[in-house]
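A short write-up of the structure that comes next.
Owing to the predicted nature of the structure, the values given are computational and were not obtained by experimental measurement. Residue numbers start from 1 in every chain, and the chains themselves are labelled A, B, ... in the order their sequence lines are given, proteins ahead of strands.
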Protein chains: 2
Amino acid sequence: MATLRAQRRAELTDRILDAAQAQLLEVGPAALSLRAVARDVGVTVSGLYRYYAGRDDLLTALLVRAFDDHADAVQDAVEGAEPDLSGQDDDGDRLAPVRAGLLAYRRWGLENPTPFGLAYGTPVPGYAAPADETVRAGARCGDLLVAAVARGRARSGAAAGHDGGDDLDPARRAHLKALASRRGYDLPPGVLARTVDLFVVVHGFVVMDVFGQLRPLSDNPDRDFAALVDRGLDTLR
Amino acid sequence: MATLRAQRRAELTDRILDAAQAQLLEVGPAALSLRAVARDVGVTVSGLYRYYAGRDDLLTALLVRAFDDHADAVQDAVEGAEPDLSGQDDDGDRLAPVRAGLLAYRRWGLENPTPFGLAYGTPVPGYAAPADETVRAGARCGDLLVAAVARGRARSGAAAGHDGGDDLDPARRAHLKALASRRGYDLPPGVLARTVDLFVVVHGFVVMDVFGQLRPLSDNPDRDFAALVDRGLDTLR
DNA sequence: AGAAGTCAAGAGCAGTGTTCTCGAAGTGAG
DNA sequence: CTCACTTCGAGAACACTGCTCTTGACTTCT
C-alpha cells in the first residue's frame with residue numbers, strides 16, 4: 001500500500017514530463033535545460049534526478065511520447081475514415097482510411113514540427129536514442145497503414161494470392177515475406193512492396209515539408225502531397 | 001597590400017573551420033564547443049571571436065561547407081558519367097549521368113552522416129540557418145540533376161515540346177514553368193514535374209537511410225535504392 | 001617615427017549537466 | 001507506538017559552456 005508516496009511520485013513524474021514538453025516546444029531539444037524544467041515544476045535540479053536519470057533520460061521520454069502522439073493521430077484518422085460495420089455506405093473508396101492516415105501523418109508533422117524533428121530528424125548529438133524504443137514506436141505507424149490496406153483490399157474482395165510480386169527482386173521478396181510473417185501483415189509480397197514504397201515516399205515528402213526544404217520545389221505542398229498519395233494508392237488496387 | 005596580416009588571417013580562418021569540422025564529426029553540431037575548437041587550433045576563445053562572430057556563425061560556415069561538399073560529390077559523379085564529347089561510345093543509357101548523380105547523392109549522405117544531418121536534418125535549436133544560404137546551396141543539387149536530365153534528353157533527340165505536362169494540375173504546371181524560367185531549366189513542365197518527383201523520392205529515401213529509419217523496411221537499401229532510381233528514370237524517357 | 005588599426009590574451013559573468021551530502025519525511029514491521 | 005529503513009527534497013560544489021570586456025603588444029600605414 002505505497003499509496004501516498006507512489007501517487008505523489010507518479011504525479012510529479014508526469015508534471016516534469018509536461019514541463020519538459022512545454023520547454024521543448026519553446027527552445028528545442030538541444031537547448032532543453034534541466035534547471036528551467038525544475039524551475040517550472042517548482043523543484044530543485046537535484047530533486048529532478050530522483051525521477052529521471054538525467055537529461056538523456058528525459059529526452060528519451062519526450063521522444064517516446066512524440067512517437068506515440070504521432071501514431072495516435074494516424075490511428076484516429078484511420079479509424080475515423082473506416083466505413084460503418086453495418087455494411088451500408090460502403091460505395092466509397094476502399095482505401096479511404098489509408099489516405100486519411102497518410103494525410104494525418106503529414107498534418108501531425110506540420111502541426112508538431114519540434115516533436116517530429118526529435119523523432120525523425122537528426123539524432124540529438126551526444127545522445128543516442130535507445131534503438132528498441134524508436135523501432136517499437138516507429139513501427140506503429142507502419143503497422144496501422146498496412147492493416148488499413150489489408151482491410152481495404154479485403155472489403156473489395158481482392159484475391160489473397162493475387163499479386164505475389166513475381167516481378168520483385170527475389171531477395172527483396174523473401175525479406176518482405178519474412179517481415180510480413182514477423183509482424184503479422186496480411187498482404188501478398190507485391191502489395192506489401194508497393195505499400196512500403198508508398199510509405200517511404202510519403203515520409204520523405206513530409207520530412208522535406210516539415211523541415212522547410214520543399215518550398216523551392218512546390219508552391220502548394222497540400223496539393224502535391226494529395227496527388228502523390230493518390231498516385232500511390234492507385235498502385236495498391 | 002595587407003599581405004602578411006591578411007594571409008595569416010585567411011590561414012587561421014581556415015584552420016578554425018577545419019578544427020570545427022573535425023569536432024563536428026566527433027560530437028555533433030549541438031555539442032560543438034568553441035573552447036574545444038580554440039584549444040585544437042591553439043588560440044584563446046576570445047581570439048576566436050575575431051574570425052567568427054560566434055557559435056552560430058561557425059555553424060553556418062560548417063553548414064555551407066556541408067552543402068557545397070554534397071553538391072561537389074554529386075557534380076563529380078555526374079561529370080564522370082557524362083559520355084565523351086567525341087560522340088562515340090554513346091550507345092549507353094542517355095540518363096546514366098543522372099543515375100550516377102543520384103547514387104552519389106545517397107553515398108555522400110551515408111559517408112558523411114553528421115554534415116548531412118546538419119544540412120538536411122532537424123534545424124539546430126536556437127539557431128536559424130540563414131535562409132538564402134541554405135536555399136542557394138541546396139538548389140545546386142537540383143540544378144545539377146535537372147541539367148543532366150536535359151542533356152540526356154537532348155542527346156536522345158527528344159522533341160523540346162514533347163510532354164508539356166497536359167495532365168498536370170494547372171496551378172502546378174504554372175509553378176513549374178515559373179521555376180524553370182527562373183532557374184534556366186531547359187525542360188518541358190511534364191518532364192520537370194517527374195524530375196522533381198524523383199528528387200523528392202530520392203531525398204526521402206536517403207534521409208530515412210542515413211538517419212537509420214529504413215532498417216526495418218529494407219534488408220538491402222543499396223538494392224532497393226537502385227530499383228527506386230531506375231523506376232524514376234524510366235518515367236523520364 | 002608616430003599615429004592608427006588589429007590582434008591575442010585573460011578575467012569575469014551567467015548559464016549548463018551532474019554528483020554528493022544531509023536532514024526531513026513517509027513506510028512498514030514488531 | 002516505536003524504531004529501522006527507504007525515499008525524498010534541498011543545497012553546495014565541480015567542471016563545463018558561450019560570450020563580453022579590458023589591457024597591452026603587435027602590424028600596417030602615413
What is the separation between atom [atom1] on [X] and atom [atom2] on [N], rounded to the nearest whole Å?
X	N	atom1	atom2	answer
A:Leu48	D:dC8	CG	P	13 Å
A:Arg8	D:dG9	CZ	P	9 Å
A:Gln7	D:dT7	CD	C1'	16 Å
B:Tyr51	C:dT6	OH	P	12 Å

Is a salt bridge present between [X] and [Y], judged by a nitrogen-to-oxygen distance below 4.0 Å?
X	Y	answer
A:Asp40	A:Arg35	no
B:Asp14	B:Arg8	no
B:Asp230	B:Arg99	yes
B:Asp222	B:Arg106	yes
B:Arg231	B:Asp224	no
A:Arg140	A:Asp72	yes

Applying ring-ring contact (aromatic ring centres under 6.0 Å, His included), can you list everything that pairs with [X], at least two apart in sequence or on another chain?
X	answer
A:Tyr120	A:Phe67, A:His70, A:Phe116, A:His203
B:Phe199	B:Tyr105
B:Phe225	B:Phe205

Query raised in the report: Between B:Leu187 and B:Thr195, is any pair of side-chain heavy atoms under 4.5 Å apart?
Result: yes
Query raised in the report: Quick one: is D:dT7 close enough that its OP1 or OP2 comes under 4.0 Å of any side-chain N or O from A:Arg50?
Result: no
Sort me out a list of protein N/O and nucleotides 3-5 of chain C N/O pairs below 3.5 Å, or just none if empty.
none

Requested in this report: Enumerate the residues from residues 12-24 of chain B whose closest heavy atom to DNA chain D is under 4.0 Å, giving them by residue number; use none for an empty result.
Outcome: none
Query raised in the report: Will you find, in the side chains of A:Tyr185 and A:Asp143, an N or O donor that is under 3.5 Å from an N or O acceptor?
Result: yes
Query raised in the report: Can you give one letter per nucleotide of nucleotides 12-20 of chain C, 5' to 3': B if a protein heavy atom sits under 4.0 Å from the base, S if only from the sugar-phosphate, - if neither?
Result: B---BBBBB
